[in-house]
Undergrad: 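Okay, handing you the structure first.
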There are 2 protein chains.
Amino acid sequence: MSNAGQTITPSRSQRPKGEASAAPVVMVVDDDIDVRDSLRDLFDSVGIETELFASTGEFLDAGIPNRPCCLVLDLRMPGASGLDLQARLKELEKRVPVIFLTGYADVSTSVRAMKAGAVDFLPKPFRDQELLDAVGEALRIDVERRSGETAVSEVRKLADQLTPREVDVLRGVGRGLLNKQIAFELGITEITVKMHRSSAGRKLRVVSVADMVRKIELLKL
Amino acid sequence: MSNAGQTITPSRSQRPKGEASAAPVVMVVDDDIDVRDSLRDLFDSVGIETELFASTGEFLDAGIPNRPCCLVLDLRMPGASGLDLQARLKELEKRVPVIFLTGYADVSTSVRAMKAGAVDFLPKPFRDQELLDAVGEALRIDVERRSGETAVSEVRKLADQLTPREVDVLRGVGRGLLNKQIAFELGITEITVKMHRSSAGRKLRVVSVADMVRKIELLKL
DNA sequence: GTTCTCCCCATACCTTGGTATCTGGACAAC
DNA sequence: GTTGTCCAGATACCAAGGTATGGGGAGAAC
């Protein structure tokens with residue numbers, strides 16, 4: 001399933017699932033080069049790829065890779081702090097699991113970070129294994145989120161081919177109405193409803209009634 | 001599931017929805033009577049009911065009320081600590097939102113509490129409003145959880161009237177199979193499948209195909 | 001024994017769903 | 001103008017779902 005030799009085929013956007021199960025990467029944001037280097041060594045030692053950034057700005061410029069990843073973040077940095085970055089990511093709706101590291105920890109900051117959804121919050125000094133455990137958990141969370149999201153986004157991509165009328169009909173189906181009831185509500189004949197329904201089913205690649213109901217749920221129609 | 005007032009009104013188990021939207025209550029567990037009293041006064045002042053307990057044991061004996069509630073918990077107490085109680089509740093699968101109060105806070109403890117699912121963690125001294133906000137959030141969470149749970153448990157209650165064969169058939173329906181395919185898989189005729197299917201539908205009070213699919217999903221069949 | 005539940009099968013009938021193949025109007029893009 | 005898309009409709013046919021009303025056998029409970 002690896003994309004190692006894929007340079008020939010431009011299949012990047014054609015197989016998001018392959019991406020989701022690609023090798024994970026840990027992104028480290030810390031202004032201290034010694035910390036960055038030692039973290040890189042730590043993750044190297046267990047065979048986990050890393051990307052290093054000296055500031056939150058540098059990280060945001062690089063963007064978030066399209067594969068399982070998590071963020072190891074120093075709390076206090078010159079300029080934008082770790083908490084700022086966490087908030088910024090939430091604004092941008094980038095849901096990357098975050099692990100905080102900090103030398104100057106206080107309780108209210110740690111609670112704030114955790115309430116904002118951090119996976120872990122490690123005051124220095126910490127044992128290597130603690131961080132590795134946290135990263136393992138964070139990557140697990142990210143893999144799960146990604147698999148869920150690709151499933152949804154694939155259906156959504158199919159769904160935006162739907163015409164307004166097809167959406168109306170699907171909504172009726174989702175509510176458990178019979179074709180004739182949908183027809184009555186929309187002021188059209190049952191035959192036309194069937195037409196839209198089958199057309200919508202084709203577009204959504206529906207293979208059964210159960211499948212159609214599930215996809216309608218997924219799309220929150 | 002206490003039987004406290006059962007002698008007078010036997011309506012307890014008959015209206016779970018009513019219970020879920022009943023007046024909320026904050027349960028306070030703290031060994032210091034002064035703290036208990038002042039918290040009671042605080043919640044009284046905003047019209048929120050309280051129940052006070054001097055130890056985790058006392059709280060566990062009383063059981064968890066069948067209405068929206070949350071737990072305000074002192075971290076350090078003689079005997080079982082707040083974290084112990086939190087862990088114990090998880091064991092018992094009692095999902096009550098927990099808010100920690102503590103005078104002797106350290107970061108790793110707060111992170112542990114938050115990772116275990118605490119809603120908030122307030123080091124003393126804190127402002128009254130902080131606690132009230134946290135309680136408001138906790139109660140909101142509990143109300144939501146309860147409404148979701150009653151929906152599931154109602155379907156589940158209907159579902160345990162199903163015979164094994166009916167479950168087999170429903171599983172097939174959930175997988176989007178046609179009646180004849182289900183019949184083939186089970187080694188029976190299509191007519192019998194229809195019989196089980198309609199029987200199961202009656203038992204689950206299904207009103208449409210979409211409804212049946214949703215309930216099958218809900219039951220994770 | 002009787003009674004009950006669960007499981008299985010069958011015939012018959014009707015409703016609903018799904019598809020194919022037609023027609024036609026409104027409207028926008030070129 | 002032509003082309004294309006969306007919407008709406010019709011007729012016909014077949015597959016699938018649903019129900020009603022029969023029947024019978026196995027096993028547990030009484």
Side-chain angles (χ1 to χ4, degrees), chain A residues 13 151 153-221, chain B residues 153-221:
Chain A
S13 63
S153 76
E154 263 169 45
V155 177
R156 214 179 292 279
K157 206 163 60 186
L158 294 175
D160 57 17
Q161 299 176 338
L162 295 174
T163 69
R165 216 48 169 169
E166 286 164 353
V167 174
D168 290 339
V169 171
L170 286 184
R171 256 195 274 264
V173 174
R175 284 164 52 209
L177 301 179
L178 300 177
N179 283 346
K180 65 164 66 168
Q181 294 174 305
I182 300 172
F184 178 75
E185 283 201 0
L186 298 179
I188 58 180
T189 65
E190 188 185 343
I191 297 103
T192 309
V193 171
K194 285 186 180 181
M195 206 215 85
H196 289 305
R197 180 170 176 163
S198 76
S199 169
R202 250 193 315 279
K203 289 180 182 175
L204 293 182
R205 305 228 206 291
V206 161
V207 296
S208 68
V209 190
D211 192 25
M212 176 173 281
V213 173
R214 264 189 289 267
K215 282 178 177 164
I216 291 172
E217 294 274 279
L218 211 64
L219 293 169
K220 291 195 267 290
L221 284 182
Chain B
S153 76
E154 264 169 44
V155 177
R156 214 180 292 280
K157 205 163 62 188
L158 294 175
D160 57 15
Q161 299 175 340
L162 295 173
T163 68
R165 215 47 168 169
E166 286 164 352
V167 173
D168 290 340
V169 171
L170 286 184
R171 256 195 272 265
V173 174
R175 284 165 51 210
L177 301 179
L178 301 178
N179 284 345
K180 65 165 64 169
Q181 293 174 306
I182 300 171
F184 178 77
E185 282 201 0
L186 298 179
I188 58 181
T189 64
E190 189 186 341
I191 297 102
T192 309
V193 171
K194 286 185 181 181
M195 208 213 83
H196 288 305
R197 181 170 175 162
S198 76
S199 169
R202 251 193 314 281
K203 288 181 183 175
L204 293 183
R205 305 228 206 291
V206 161
V207 295
S208 68
V209 189
D211 192 26
M212 176 173 280
V213 173
R214 265 189 287 268
K215 282 178 175 163
I216 291 172
E217 294 275 279
L218 211 64
L219 293 168
K220 290 196 270 287
L221 283 181

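Within every chain, numbering begins at 1; the chains are lettered A, B, ... in the order of the sequence lines, protein sequences first and strands thereafter.
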Undergrad: Quick one: what's the B/S/- string for nucleotides 24-30 of chain C, heavy-atom cutoff under 4.0 Å, read 5' to 3'?
TA: -------
Undergrad: Considering residues at least two apart in sequence or located in another chain, which fulfil the side chain to side chain donor-acceptor pair (under 3.5 Å) criterion with Lys203(B)?
TA: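 Side chain to side chain donor-acceptor pair (under 3.5 Å) check on Lys203(B) returns Glu166(B).
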Undergrad: Gln181(B): which residues meet the side chain to side chain donor-acceptor pair (under 3.5 Å) condition with it, sequence neighbours left out?
TA: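 Testing Gln181(B) for side chain to side chain donor-acceptor pair (under 3.5 Å), a comparison that skips the adjacent residues, returns none.
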Undergrad: So, using side chain to side chain donor-acceptor pair (under 3.5 Å) as the criterion, who are the partners of Thr189(B) when residues are at least two apart?
TA: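 Once residues adjacent in sequence are excluded, the partners of Thr189(B) under the side chain to side chain donor-acceptor pair (under 3.5 Å) criterion are Thr192(B).
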Undergrad: For Glu185(B), give me all partners under salt bridge (Lys or Arg N to Asp or Glu O under 4.0 Å), at least two apart in sequence or on another chain.
TA: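 For Glu185(B), the residues satisfying salt bridge (Lys or Arg N to Asp or Glu O under 4.0 Å) (neighbours in sequence not counted) are Arg175(B).
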Undergrad: Keeping to residues at least two apart or across chains, list the side chain to side chain donor-acceptor pair (under 3.5 Å) pairs with something in residues 204-216 of chain A.
TA: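 Matches after skipping sequence neighbours: Asp211(A)-Lys215(A), Arg214(A)-Glu217(B).
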Undergrad: Output the distance between atom NZ (Lys180(B)) and atom CG (Leu178(B)), rounded to the nearest 0.5 Å.
TA: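 Output value for this atom pair is 7.0 Å.
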Undergrad: For Met212(A) and dT16(C), what is the distance between atoms CE and C1' respectively, to the nearest whole Å?
TA: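 Atom CE in Met212(A) sits about 14 Å away from atom C1' in dT16(C).
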Undergrad: Supply the atom-to-atom distance His196(B) NE2 to Asp168(B) CG, rounded to the nearest 0.5 angstrom.
TA: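 Result: 8.5 Å between the selected atoms.
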Undergrad: Arg202(A): what forms a side chain to side chain donor-acceptor pair (under 3.5 Å) with it, not counting sequence neighbours?
TA: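 Here no residue qualifies.
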Undergrad: Distance check, rounded to the nearest 0.5 Å: Leu177(A) atom CG versus Leu186(A) atom CG?
TA: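 With rounding to 0.5 Å, CG (Leu177(A)) is 9.5 Å from CG (Leu186(A)).
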Undergrad: Using the test salt bridge (Lys or Arg N to Asp or Glu O under 4.0 Å), find all partners of Arg156(A) that sit at least two apart in sequence or belong to another chain.
TA: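 Salt bridge (Lys or Arg N to Asp or Glu O under 4.0 Å) check on Arg156(A) returns nothing, list empty.
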Undergrad: Please name all residues satisfying side-chain contact (heavy atoms from CB on, under 4.5 Å) with Ser153(A), sequence neighbours left out, ordered by chain then number.
TA: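 Scan of Ser153(A) (side-chain contact (heavy atoms from CB on, under 4.5 Å), adjacent residues dropped) gives none.
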Undergrad: Can you build the contact string for nucleotides 6-25 of chain D? Use B for base contact, S for sugar-phosphate-only contact, and - for no protein heavy atom under 4.0 Å.
TA: SSSBBB----SBBB------
Undergrad: Shorter than 3.5 Å, N or O on both sides, protein versus nucleotides 26-30 of chain D: list them out with atom names.
TA:
none

Undergrad: Need the bend value for the helix from dG1(C)-dC30(D) to dC30(C)-dG1(D): angle between end axes, 5 pairs each end, nearest 10°.
TA: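 Axis-to-axis angle, ends of the helix: 40°.
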Undergrad: Rounded to the nearest 0.5 Å, what separation is found between the CG atom of Leu219(A) and the CG atom of Leu204(A)?
TA: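 If I round to the nearest 0.5 Å, the distance is 6.5 Å.
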